[in-house]
Amino acid sequence: METGLRILRHSPLAIFLLDSAGSITWHNEEAERVAANWSVTPDQLLPTNHSDIHDDALKTSEPARDIYHTVEGYYLKWQVQPVAESGVTLWYGHDVTAQRLQRARLLADQARYRLLVENSRDLISRHAKDGTFLYASPAARTLLGYEPHELVGRSAYTQLFHPDDLEALFNKDPRVFYERGYYQYEYRVRRKDGRYIWFETTSVTYRDPATGELADILCVSRDVTRRIENEKIRDWLARTVDATTDYVLAFGPAQRLEYANRAARTRFDLPQSSASIPLERFYEPRSVEKFHAELLPQVAHSGSWQGELEMLDPAGRIVPVLAVALPHGSNEAPLSHITLLNRDISERKSAEALVRQQQQRLEQAQRLSAAGELASQIAHELNQPLAATANYASGALKLAESRPDLSAADLREPLEKLKRQVTRLGDVLKRVRQSIKRGHVRRSAVNLAEVMRNTREHCEWEANESGVSLELTVPADLPPVSADPVQLEQVLVNLISNAVAACRDGAPQRRRVEMSAWQADDTTIRFQVRDHGPGIPEGAERHIFETFYTTHPGGLGMGLPISASIMEMLGGSLTVTAADGPGACFIGTLQQANSTREETGTPA
């Protein structure tokens, strides 16, 4: 025994000798070293029940193996060898701390991995080489409607795959992506309720190291139905944008081109790859200035802009367009990318110009016709009194020449007759004016706000062509007025047309016409049309409503006199006042409608 102990003293294992009473009688140097390293006494290295284990080993004469004991976080695995003839036991201790910690980490990792698999929203599955499910994670309930155990033993290929997609998979369709042992593909899979959804699956195969045979397939699958549908919509929209006849241009940072649709590439002679072309290549300088001064601030404020711009074709010709601007930048730089949809309105512009020419010719013809009729009427009415006046004047002259000695009293009679004819001339002129003013107008309760809105809409095209904005301010509770709506609209059209013409050549900020209406008192409603043009020349206010008086080159001077006559006919008035600032201000006064009875028509 002593010889054996001398040999065991230098063993790399911690060894103890227990006597027949189970007490420690000897331990080797390794036991001393381990105890010192672990900051314990040597006897603490043995299990606390080592006496019982000692007795059992002697009774059975069988060695006791794999007895684990924890000491201050370290692990020892003991093997007890009984020596029956001596009544002692030898204890051999192995430091298995590293193995136990590694096993503990492995078990913890396995638990975490299982927790991850069991709670993943993706379906994690294992399959045999024929596609049969060997395992399915709980996500199968949500994604496919199956309990995991219902899928085990079921073939994914023949029972879940869409037939067309299965054929594509086996034929190595380009949709099946492969890289470094991993396959990724998208396909349709049938749920338990019979409905197909889109799956994206990443799979890897495991082969038997000894035979190289395919053992199983590990898969991670997710529902990508919404993404596939969104991609289809985006693809459809992209094809629609590319096919539209509008010129679609997308600009990135620094307003350089990033995309042009087919129509834009054709119209502006652009190559398929036409990136980095600056904005200035496509738009006339004034439109580029408008882009920075008006378009970008409006897009930043409201998210879009719409208006007219002028583009330049490769030959430098101007192409008028109706443009819509939309941003598609990031939250940090919302204006970094701007898309412009440009609709060519060249034909519309040509048609509008032709309509304007025809309208101008028609208006000129109407003015000439009206002037001709008026001249004919005046000539007819004045012919007789003028002839009589001439006769009396001629007679008086002859009498004076034949009788130089006549006194003034002798010429009294012919001069009085001449005076009566002159007076008659005045009466005739008054009657002509009254005949122009005369008419039968049926007055009724009229919604002034509605008439002003309709008139504004009627004049909108003319204003837009002149770059003039029409601003209307009318209170919602404005009472109705007593008027003929057609005649009232004629007055407003004339006033607005004059106002647009007055400010069309002014600075951009002064190209606006303001219209408003308000209740002056219990019985009177007033409306106002005010422009920001050069205003009425000094001294012209006294003559502004006189027939044939005009401050506009080429005007007949009939619009304002007729408008004033209509307002008088409606029981109101039309006046001009000094505006607060540049421009002219016309104010119309009307009577509030009598709500207790219907307004009746009366001749003016």
Side-chain angles (χ1 to χ4, degrees), residues 1-120 124-126 134-135 137-138 148 204 206-212 215-216 218 220:
M1 175 66 69
E2 291 182 0
T3 303
L5 292 178
R6 283 197 298 270
I7 296 173
L8 295 176
R9 176 175 296 277
H10 304 292
S11 172
L13 302 179
I15 302 176
F16 284 82
L17 176 66
L18 273 65
D19 59 16
S20 59
S23 300
I24 300 173
T25 60
W26 176 87
H27 58 267
N28 68 350
E29 295 175 354
E30 179 63 15
E32 284 283 351
R33 189 190 66 79
V34 170
N37 289 342
W38 293 358
S39 301
V40 295
T41 59
D43 61 300
Q44 289 180 297
L45 297 179
L46 293 176
T48 55
N49 62 341
H50 61 272
S51 297
D52 296 334
I53 299 172
H54 166 82
D55 294 340
D56 291 341
L58 290 176
K59 288 179 183 178
T60 62
S61 298
E62 294 290 335
R65 295 183 175 86
D66 299 335
I67 301 171
Y68 290 93
H69 177 50
T70 305
V71 182
E72 298 295 330
Y74 298 94
Y75 294 90
L76 281 171
K77 183 175 73 171
W78 292 100
Q79 179 178 339
V80 181
Q81 180 67 45
V83 183
E85 60 272 17
S86 302
V88 297
T89 57
L90 282 171
W91 291 64
Y92 300 90
H94 299 260
D95 182 359
V96 294
T97 302
Q99 294 92 320
R100 287 299 296 263
L101 291 177
Q102 183 178 2
R103 176 176 174 77
R105 284 194 295 269
L106 179 61
L107 292 176
D109 288 343
Q110 289 177 344
R112 284 193 291 268
Y113 291 145
R114 178 168 294 277
L115 183 66
L116 178 64
V117 169
E118 298 293 329
N119 291 278
S120 173
I124 299 173
S125 56
R126 189 164 62 90
L134 302 177
Y135 167 81
S137 67
V204 62
Y206 174 74
R207 296 182 179 275
D208 188 323
T211 64
D216 56 17
L218 300 177
V220 178

> What do the steps show when you test Y206 against L218 for side chain to side chain contact (heavy atoms under 4.5 Å, CB included), and what is the final call?
Replying inline: CA-CA 8 Å; Y206 174 74; L218 300 177; 5.6 Å; no

>> Tell me which pairs pass ring-ring contact (aromatic ring centres under 6.0 Å, His included) where either residue lies in residues 32-58, with sequence neighbours left out.
In response: W38-Y74

>> I'd like to know whether H27 forms a side chain to side chain contact (heavy atoms under 4.5 Å, CB included) with W91, so could you lay out the CA-CA distance, the side-chain angles of the two residues, the decisive distance to 0.1 Å, and finally the verdict.
In response: CA-CA 9 Å; H27 58 267; W91 291 64; over 6 Å; no

>> Just verifying a value: how many Å separate N49 CG and D55 CG, rounded to the nearest 0.5 Å?
In response: 11.0 Å

>> So, taking the atom named CG in D216 and the one named CG in L134, what distance separates them when rounded to the nearest 0.5 Å?
In response: 6.5 Å

> Between P82 and V80, what is the shortest heavy-atom contact and its length?
Replying inline: CD-O, 3.7 Å

> Looking only at heavy atoms, what is the nearest atom pair of N28 and L8, with distance?
Replying inline: ND2-O, 3.2 Å

> Do any N or O atoms from the side chain of H94 and from the backbone of K77 form a donor-acceptor pair under 3.5 angstrom?
Replying inline: no

>> Any heavy-atom pair between the side chains of V88 and W26 that's under 4.5 Å?
In response: no

>> Set out, in order, the CA-CA distance, both residues' side-chain angles and the distance that settles side chain to side chain contact (heavy atoms under 4.5 Å, CB included) for L17 and L5, then state yes or no.
In response: CA-CA 9 Å; L17 176 66; L5 292 178; 3.9 Å; yes

>> Taking atom CD as the centre, does Q102 end up with more than 12 heavy-atom neighbours from other residues, nucleotides or ligands that are less than 6.0 angstrom away?
In response: no

>> Quick check: closest heavy atoms across L13 and E30, and the distance to 0.1 Å?
In response: O-CB, 3.4 Å

>> How long is the straight-line distance from CD of Q79 back to OG1 of T89, given to the nearest 0.5 Å?
In response: 12.0 Å

> Are L46 and L18 close enough, and set up right, to give a side chain to side chain contact (heavy atoms under 4.5 Å, CB included), and what steps lead you there?
Replying inline: CA-CA 11 Å; L46 293 176; L18 273 65; 4.0 Å; yes

> Atom OG in S137, atom CG in N119: separation rounded to 0.5 Å?
Replying inline: 10.0 Å

> Taking all non-hydrogen atoms of both residues, which atom of S51 and which atom of G22 are closest, and how far apart?
Replying inline: OG-O, 3.9 Å

> Where is the tightest heavy-atom contact between V71 and L45, given as atom of each residue plus distance?
Replying inline: CG2-CA, 4.3 Å

> Quick one: CG on D56 to OG on S61, what's the gap to the nearest 0.5 Å?
Replying inline: 11.5 Å

>> The criterion is salt bridge (charged side-chain N to carboxylate O under 4.0 Å, His left out); which residues satisfy it with R105, sequence neighbours excluded?
In response: none

> How long is the span from the CZ atom in R9 to the CD atom in E32, to the nearest 0.5 Å?
Replying inline: 9.5 Å

>> Under the rule for side chain to side chain contact (heavy atoms under 4.5 Å, CB included), what residues qualify as partners of T60, not counting sequence neighbours?
In response: E62

> Do you know which two heavy atoms are closest between F16 and P42, and how far apart they sit?
Replying inline: CZ-O, 3.2 Å

> For Y75, does its backbone N or O pair with a side-chain atom of T97 as donor and acceptor, under 3.5 Å?
Replying inline: yes

